[in-house]
Amino acid sequence: MFMRFFTELRDAKVPVSLKEYLMLMEALDKAVIDRSVEDFYFLSRAALIKDEKNLDKFDQVFGHVFKGLEKLEGMGVSDIPAEWLKKLSDQFLTEEEKAQIEAMGGFDKLMEAMAERMKQQREEDGDGDGDGKGAGKNGKGPTGDSPFGANGYHPEGIRMGQDKGRHGKAIKVWDKREYKNLDDSVELGTRNIKVALRRLRKWVRDGSADELDMNATIRGTAEKGYLDINMRPERRNKISVLIFFDIGGSMDSHIKVCEELFSAARTEFKNMEFYYFHNCLYESVWKDNRRRHAEKLNTWDVLHKFSHEYKVIFVGDATMSPYEITYPGGSVEHWNEEAGAIWIDRVTQIFENVVWLNPTAERHWDYTPSVEVMRQLVGDRMFPLTIEGLDKAMRQLSR
């Protein structure tokens, strides 16, 4: 059974190594957990999953192998190991409840009845979507002891359309996977952004020695014969980041994700500077959008203020008329004597590491000519503002 779990994780493209699997087996052999499905779930997840983006795939495979949740290929409930169902029943159900299930014909009969009830529900469902959330409406599902529906009570219930169990005894949850929002393609949240940004790091030790150096202390004590305490500077991330945010216009619909990126970057990069621009970089930028017209900063001064070691990140949808990038006077707000393309080129000439993060879905880029123009200007280093895209951008900046 456990080997099947391992092979199905590999088949689902979850990067699980044999060493990790053997470590999990060793933990089971040494009885570090109780014999329960829930404890095994958390133990195996901790031992086998190294990246949060794989949690959703892990949940699907675990559900298929141990809980009876359908696999994407359509595997059925008959694949559920009987011993696991028996353990669940022994742990959570009273003798009276077990007798009630047996009276129905057991778990297989329960699932057959569920399939029939779902078929009836699709025919009766008023909105025609067949969501099954009213599966218990002709019986006692929503409020009583029918095994189907939400908010009811039955010792081996199947929950639909309910955010959480009220009695904690529903064997199967159809509507929800706890980590389904952690896949590569979803848009970012602040916590996930921080995880992705951590790929861009350069650890150094400098400053005052305020951290105990355990290895040096042990070595010094052994060599000198008395307690020789050694201190060292704390390890800090010395990466320096310069971020330019496109603001206003079509970017208004992306404010939330840009705020999350800004908040996460402020936390992860202690040496970070930021500026705003509109549509394309021109001869001036600003720090305060409320005073953008009164307190503009010369772009030349900004570019020469920071060393070439800074990592530069542009954040914008690059959605505009192509002439706003390629022609003098193309700006929709003022007369720019030099084309925006010249300023973007200057940035790429001064700084070795430049990327562009685009909050617009990548599948839409080909329909906007200005996106392709900007993409060429930054050397094809434009990435979508998703977990996977941000991860690739950080790897690019780390080269």
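For clarity, every value in this text was computed on a predicted model and none was experimentally measured.
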Please lay out, stage by stage, how V61 and R4 fare under the test side chain to side chain contact (heavy atoms under 4.5 Å, CB included).
CA-CA 10 Å; V61 174; R4 173 190 170 197; over 6 Å; no
Run the salt bridge (Lys or Arg N to Asp or Glu O under 4.0 Å) test on E283 and K296 for me, step by step, so that the C-alpha distance in whole Å, both residues' side-chain angles and the decisive distance to 0.1 Å come before the verdict.
CA-CA 10 Å; E283 69 278 359; K296 288 186 176 181; over 6 Å; no
Could you walk me through whether V332 and H278 pass the side chain to side chain contact (heavy atoms under 4.5 Å, CB included) test, one step at a time?
CA-CA 9 Å; V332 296; H278 179 61; 4.2 Å; yes
Just do the side chain to side chain contact (heavy atoms under 4.5 Å, CB included) check on C280 and M374 with the steps written out, would you?
CA-CA 9 Å; C280 187; M374 192 64 72; 4.0 Å; yes
Determine whether F6 and V16 satisfy the following criterion, side chain to side chain contact (heavy atoms under 4.5 Å, CB included), listing intermediate values before the conclusion.
CA-CA 8 Å; F6 173 73; V16 181; 3.6 Å; yes
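Side-chain atoms of S370 do not come within 3.5 Å of backbone N or O of S321 as any donor-acceptor pair. The backbone N or O of V378 lies less than 3.5 Å from a partner atom in the side chain of R381, making a donor-acceptor pair. At least one donor-acceptor pair under 3.5 Å links the side chain of T386 to the backbone N or O of G389. Checked by atom type and distance alone, the side chain of E372 never pairs as donor or acceptor with a backbone atom of P369 at under 3.5 Å. Under the 3.5 Å distance criterion, the side-chain polar atoms of D213 are left unmatched by any main-chain donor or acceptor of R232.
K305 has no carboxylate O lying under 4.0 Å from a charged side-chain N of E273, or vice versa, which leaves the two without a salt bridge. Using a 4.0 Å cut-off between a side-chain N of Lys or Arg and a carboxylate O of Asp or Glu, R346 and E338 qualify as a salt bridge.
Summarising the local packing, OH of Y323 is surrounded by 12 or fewer heavy atoms from other residues, nucleotides or ligands at distances under 6.0 Å. No more than 12 heavy atoms of other residues, nucleotides or ligands lie within 6.0 Å of CG in D34, so this atom counts as exposed by the packing criterion.
Inter-residue side-chain proximity for E259 and I255 is flagged as met; some heavy-atom pair is nearer than 4.5 Å. Under the 4.5 Å side-chain criterion, counting only non-hydrogen atoms from C-beta, I33 is in contact with L28. Using a 4.5 Å heavy-atom threshold, the side chains of F277 and T299 count as separate. When side chains are defined from C-beta on, L397 counts as touching I313, because their heavy atoms get closer than 4.5 Å. Using a 4.5 Å cut-off on side-chain heavy atoms (C-beta onward), W356 and R375 make no contact. Within the 4.5 Å cutoff, side-chain heavy atoms of M382 are placed close to those of V371. Under the 4.5 Å side-chain criterion, counting only non-hydrogen atoms from C-beta, F314 is not in contact with D246. Counting heavy atoms from C-beta outward, Y282 and E324 have side chains that approach closer than 4.5 Å.
Taking the six-membered ring for Trp and the full ring otherwise, the centers of F244 and Y276 sit at least 6.0 Å from each other. Ring centroids of Y41 and F58 are separated by less than 6.0 Å, placing the two rings close together.
The CG atom of L48 lies 10.5 Å from the CZ atom of F62; values are rounded to the nearest 0.5 Å. The distance from the CG atom of L281 to the OG atom of S331 is 11.0 Å, given to the nearest 0.5 Å. A distance of 14.5 Å separates CH2 of W300 from OG of S284, quoted to the nearest 0.5 Å. From L261, atom CG reaches atom CZ of F245 across 5.0 Å, with rounding to the nearest 0.5 Å. Considering CG of L9 and CG of N54, their distance stands at 9.5 Å, rounded to 0.5 Å. Here the CG-CD1 distance, from D345 to I350, works out to 9.5 Å after rounding to the nearest 0.5 Å.
Residues passing the salt bridge (charged side-chain N to carboxylate O under 4.0 Å, His left out) test with D366, sequence neighbours excluded: none. In this structure R395 satisfies the salt bridge (charged side-chain N to carboxylate O under 4.0 Å, His left out) test together with D391, sequence neighbours excluded. Remark: T221 pairs with T217, L227, D228 by the side-chain contact (heavy atoms from CB on, under 4.5 Å) rule, at least two apart or across chains.
No path of Ile, Leu, Val, Met, Phe, Trp and Tyr side chains, each step under 4.5 Å between heavy atoms, connects Y327 with V373, placing them in separate hydrophobic clusters. Linking Ile, Leu, Val, Met, Phe, Trp and Tyr residues whenever their side-chain heavy atoms come within less than 4.5 Å leaves L377 and L357 in two separate clusters. In the hydrophobic cluster analysis, where Ile, Leu, Val, Met, Phe, Trp and Tyr join through side-chain heavy atoms closer than 4.5 angstrom, M320 is grouped apart from L385. Both Y21 and V65 belong to a single network of hydrophobic side chains, linked directly or stepwise wherever heavy atoms of I, L, V, M, F, W or Y lie under 4.5 Å apart. Note on V354 and Y275: same hydrophobic cluster, where clusters join Ile, Leu, Val, Met, Phe, Trp and Tyr whose side-chain heavy atoms are under 4.5 Å apart, directly or indirectly.
In plain terms, the two heavy atoms of F5 and S44 that are nearest each other are CE2-CB, 3.9 Å. Taking every heavy atom of both residues into account, M272 and F269 meet most closely at CB-O, 3.7 Å. Of all heavy-atom pairs between I243 and A265, the closest is CD1-CB, 4.1 Å. The heavy-atom pair separating T368 from A318 by the smallest distance is CG2-O, 4.5 Å. Pairing each heavy atom of C258 with each of M251, the nearest pair is SG-CE, 3.5 Å. When all heavy atoms are compared, the tightest approach of Q396 to N353 is O-OD1, 4.0 Å.
With no hydrogens or angles considered, no side-chain donor-acceptor pair links D317 and T360 at under 3.5 Å. Between H308 and Q349, the side chains place no donor N or O within less than 3.5 Å of an acceptor N or O (distance only, hydrogens not considered).
Annotation: cation-pi pair K287/F274 present, NZ/CZ under 6.0 Å from the ring centroid and within 45° of its normal.
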